[in-house]
Amino acid sequence: LLCYHCLIRPTEICQLKPSYINLEKNVIILPSEITKNSQSRMITIPGHLKEVLLKLEIEKIKTDHYIFSVKFKPGKKLITRRQIGNRWAKLRKEIDMPMEMQFYSLKDTGIVQMLRDGISPEVVRDQAGHSSLEVTNKYVIIANEKADQQILDKSSEF
């Protein structure tokens, strides 16, 4: 859900600590040392995800621990994105999801869904941590992949 709704990369998810999450302000602040482009990033937490995060009782996790550690429970040991991928592969198999649906695909799908929901490309760019609007605009084509209703309704025959 963090990958899909917040567009957080697997490597960043591995390094999440409780101090990065502010549920009162509905934000996750990723420090520059854990982001792909070495720039800190403020991510909005959608309401439906906030409910899930509240159940994790983040405020009870020790500040020097990672939110996801051994067995995906809070702890001191840093997990790897490979461990996330392995866990995802098992889950994907259990629910009979296609093999090509990789964990990182959740981020791509989340970007497309935000654009389809009418969220501006600029906001999606910032949420995703893209280096430029050009990167985000590649997803706009996929998000708009539907026939234009006006042409379907009003186009005359030859």
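Scope of the values below: all heavy atoms of this structure, side chains included, with no hydrogens, waters or symmetry mates. The structure displayed is predicted, hence computed values, not measured ones. Residues take their numbers from the sequence shown, with the count starting at 1.
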Open item on the list: Considering only residues two or more places apart or on different chains, which pairs with a residue in residues 89-108 satisfy side-chain hydrogen bond (donor to acceptor under 3.5 Å, both in side chains)?
Closed with: Asp108-Tyr139

Open item on the list: Assigning hydrophobic clusters by single linkage (Ile, Leu, Val, Met, Phe, Trp, Tyr; side-chain heavy-atom cutoff under 4.5 Å), is Leu91 placed with Tyr4?
Closed with: yes

Task: Least distance between heavy atoms, Leu115 atom then Ala143 atom - done: CB-CB, 3.7 Å

Task: Co-membership, hydrophobic cluster, residues Val112 and Ile43, 4.5 Å side-chain - done: no

TODO: Give a yes or no on whether the backbone of Gln127 and the side-chain of Arg41 come within a donor-acceptor separation of less than 3.5 Å.
DONE: yes

TODO: Measure from the side-chain N and O atoms of Glu122 to the backbone N and O of Leu133, and report whether any donor-acceptor pair falls under 3.5 Å.
DONE: no

- [ ] If a pair satisfies side-chain hydrogen bond (donor to acceptor under 3.5 Å, both in side chains) and one of its residues is in residues 24-34, list it, with sequence neighbours excluded.
- [x] Asn26-Lys50

Task: Note, Ile79 side chain near Ile84 side chain (heavy atom, < 4.5 Å) - done: yes

Open item on the list: Grouping I, L, V, M, F, W and Y whenever their side-chain heavy atoms are under 4.5 Å apart, do Leu23 and Leu16 come out in a common cluster?
Closed with: yes

Task: Atom of Pro74, atom of Ser69 and distance for their closest heavy-atom approach - done: C-CB, 3.9 Å

Task: Intermediate values then yes/no, side-chain contact (heavy atoms from CB on, under 4.5 Å), Leu2 and Ile28 - done: CA-CA 10 Å; Leu2 288 165; Ile28 298 171; 3.9 Å; yes

Open item on the list: Distance check, rounded to the nearest 0.5 Å: Met114 atom CE versus Thr136 atom OG1?
Closed with: 11.0 Å

Task: Close side-chain approach of Leu1 to Leu106, heavy-atom, < 4.5 Å - done: no

Task: Under 3.5 Å donor-acceptor, Asp117 side chain and Ile119 backbone - done: no

- [ ] Could I get the full list of salt bridge (charged side-chain N to carboxylate O under 4.0 Å, His left out) partners for Arg9, not counting sequence neighbours?
- [x] Glu12

Open item on the list: Within a 6.0 Å radius of atom CD1 on Ile141, are there more than 12 heavy atoms belonging to other residues, nucleotides or ligands?
Closed with: no

Task: Ile67 side chain near Pro18 side chain, heavy-atom distance below 4.5 Å - done: yes

Task: CZ (Arg81) with more than 12 external heavy atoms under 6.0 Å - done: no

TODO: Indicate yes or no: at least one non-hydrogen side-chain atom of Ile29 is less than 4.5 angstrom from one of Asn22.
DONE: no

Task: Results of ring-ring contact (aromatic ring centres under 6.0 Å, His included) for Phe103 - residues two or more places apart only - done: Trp88

- [ ] Locate the shortest heavy-atom distance separating Ile61 from Leu56; write the atom from each residue and the value.
- [x] CD1-O, 4.4 Å

Task: Path from Val27 to Ile13 over hydrophobic side-chain contacts below 4.5 Å - done: no

- [ ] List, by chain and number, the other hydrophobic cluster members for Val70, where Ile, Leu, Val, Met, Phe, Trp and Tyr join if side-chain heavy atoms come within less than 4.5 Å, directly or indirectly.
- [x] none

Open item on the list: Counting only heavy atoms from other residues, nucleotides and ligands, does the tally under 6.0 Å from CE of Met101 exceed 12?
Closed with: yes

Task: Gln39 CD to Leu30 CG distance, which is reported to the nearest 0.5 Å - done: 12.5 Å

TODO: List the atom of Gln83, the atom of Leu78, and the distance in Å for their closest heavy-atom pair.
DONE: OE1-O, 4.5 Å

Open item on the list: Quick one, Ile45 and Ile21 - any side-chain contact, counting heavy atoms below 4.5 Å?
Closed with: yes

TODO: Report the distance from atom CG of Leu49 to atom CD of Glu51, rounding to the nearest 0.5 Å.
DONE: 9.5 Å

TODO: Any pair with a residue in residues 48-87 that passes ring pair (Phe, Tyr, Trp, His ring centres under 6.0 Å), sequence neighbours left out, goes on the list, sorted by first then second residue, please.
DONE: His5-His48

TODO: Heavy atoms only: give me the nearest Ile142-Arg116 pair and the separation to one decimal.
DONE: O-NH2, 3.2 Å

